[in-house]
Amino acid sequence: PKRGGSDDNETIACRLNKSIAGSKTILHIETHCCNYGEDATFPDPDAIIFFNPGLSCPDYDWSKALSAASSFQSSTPFLITTNTEMEGFADIKCLVDGGYVSSKELPSYVLETVDVETTSNNSRYNDDDDDDEQNKRFFFCENPYAGLRVRQSGTMANDLYVKSRWVMGGLLQRRDVDEKKKTKKKKVDKSKKKRNKESEERGSARKKRRKGGSNP
């Protein structure tokens, strides 16, 4: 274990370098005691994994960690596990509502369940309903690597669950890119409303002139 220091090393809990038998590969493991995106800076990750984070639970605030995970130069692959299917769908809705995952990447059965709006006419589906579902870069299914131990819920007496029984994965989109798209859309909508208003005013003015010209 290593602690202390004035830089990011102060968050390091342990480091491990292990040679892989029969290979020249060396596995490097480093753990940190910190809040992701707050107490330390890290290089761009190859992937980010959340083990049963409870994104939809009001007792936890993952906004800073998710914002940090969505701030890298390219979209970051991620995995999230949940104990129950219901909690998984709730976490998916949190990701979409927060702008961390694009609704266009969700398969139709997921969109239908979480009931998110993806178009201006309040449709739950993408504009092209015939898109090949196999091309979606998001999945949600039972975790084939989950354990077998069944536990009893501490909040619901009759509820049983297996830890990390469900898993989802996809790409965390860059928040700044998403915000730019939203800003651009707002500007386009505002400009369109302005043109429509000017057109209505010109039409109204022409009607008044015609009405005035027809008077004796």
- Message: Suppose we screen for side chain to side chain contact (heavy atoms under 4.5 Å, CB included). Which residues come up paired with Asp59, at least two apart in sequence or across chains?
- Response: Cys57
- Query: Is any side-chain heavy atom of Pro53 closer than 4.5 Å to a side-chain heavy atom of Tyr60?
  - Reply: no
- Can you list every pair that meets salt bridge (Lys or Arg N to Asp or Glu O under 4.0 Å) and has a residue in residues 21-33, with sequence neighbours left out? Arg15-Glu30
Distance-only donor-acceptor hits, side chain of residues 141-149, under 3.5 Å, sequence neighbours excluded:
residue : atom : partner : partner atom : Å
Glu142  : OE1  : Arg165  : NH1          : 3.4
Glu142  : OE1  : Arg165  : NH2          : 2.7
Asn143  : OD1  : Tyr145  : N            : 3.0
Asn143  : ND2  : Ser164  : O            : 3.1

- Message: Please evaluate residues Ile80 and Leu55 with respect to the criterion side-chain contact (heavy atoms from CB on, under 4.5 Å), reporting the C-alpha separation (whole Å), side-chain torsions for both, the decisive distance (0.1 Å), and the verdict.
- Response: CA-CA 10 Å; Ile80 296 177; Leu55 301 180; 3.8 Å; yes
- If you group Ile, Leu, Val, Met, Phe, Trp and Tyr whenever their side-chain heavy atoms sit less than 4.5 Å apart, what else falls in with Phe51? Ile49, Leu79, Phe139, Val167
- So how far is it from Thr81 OG1 to Met168 CE, rounded to the nearest 0.5 Å? 8.5 Å
- Message: Please check this pair: side chain of Ser67 against backbone of Lys64, looking for a donor-acceptor N/O pair closer than 3.5 Å.
- Response: no
- Message: I need the minimum non-hydrogen distance between Ser71 and Ala68, along with the two atoms involved.
- Response: OG-O, 2.7 Å
- Task: Please tell me if the side chains of Ser103 and Phe138 come closer than 4.5 Å, counting only heavy atoms from C-beta onward.
- Result: no
- Item | CD1-CG distance between Ile29 and Leu16, expressed to the nearest 0.5 angstrom | 5.0 Å
- Query: Can you tell me how far the CZ atom of Arg137 sits from the CG atom of Leu171, to the nearest 0.5 Å?
  - Reply: 5.0 Å
- May I ask you to test the Thr82-Thr84 pair for a side-chain heavy-atom distance under 4.5 Å? no
- Which heavy atom of Tyr36 sits nearest a heavy atom of Pro45, and at what distance? OH-CG, 4.2 Å
- Query: What pairs with Asn17 under side-chain hydrogen bond (donor to acceptor under 3.5 Å, both in side chains), at least two apart in sequence or on another chain?
  - Reply: His28
- Query: Which atom pair, heavy atoms only, marks the closest approach of Tyr100 to Ser63?
  - Reply: OH-O, 3.7 Å
- Would you mind listing the cluster partners of Val162? Hydrophobic ones only (ILVMFWY), side-chain contacts under 4.5 Å, chaining allowed. Val150, Leu160
- Query: Given the side-chain rings of Trp62 and Phe50, with only the six-membered ring counted for Trp, is the space between their centroids under 6.0 Å?
  - Reply: yes
- Task: Sort and list the pairs that fulfil salt bridge (Lys or Arg N to Asp or Glu O under 4.0 Å) and have at least one residue in residues 77-92, not counting sequence neighbours.
- Result: none
- Query: For Ser102, what residues pass the side chain to side chain contact (heavy atoms under 4.5 Å, CB included) criterion, not counting sequence neighbours?
  - Reply: Lys104, Glu105, Gln173
- Item | With sequence neighbours excluded, residues passing ring pair (Phe, Tyr, Trp, His ring centres under 6.0 Å) with Phe140 | Phe89, Trp166
- Query: About how many Å separate NZ of Lys93 and CG of Leu106, when rounded to the nearest 0.5 Å?
  - Reply: 11.0 Å
- With sequence neighbours excluded, residues passing side chain to side chain contact (heavy atoms under 4.5 Å, CB included) with Asp46: none
- Message: Once rounded to the nearest 0.5 Å, what's the spacing between atom CG of Asp97 and atom CD1 of Ile92?
- Response: 11.5 Å
- Expected output: side-chain Thr31 to main-chain Cys14 donor-acceptor under 3.5 Å: yes
- Query: Partners of Asp159 by side chain to side chain contact (heavy atoms under 4.5 Å, CB included), sequence neighbours excluded?
  - Reply: Ser153, Met156
- Task: Using ring pair (Phe, Tyr, Trp, His ring centres under 6.0 Å) as the criterion, list what pairs up with Tyr161, not counting sequence neighbours.
- Result: none
- In Å and rounded to the nearest 0.5 Å, what is the CD1 to OG1 distance from Ile48 to Thr76? 5.0 Å
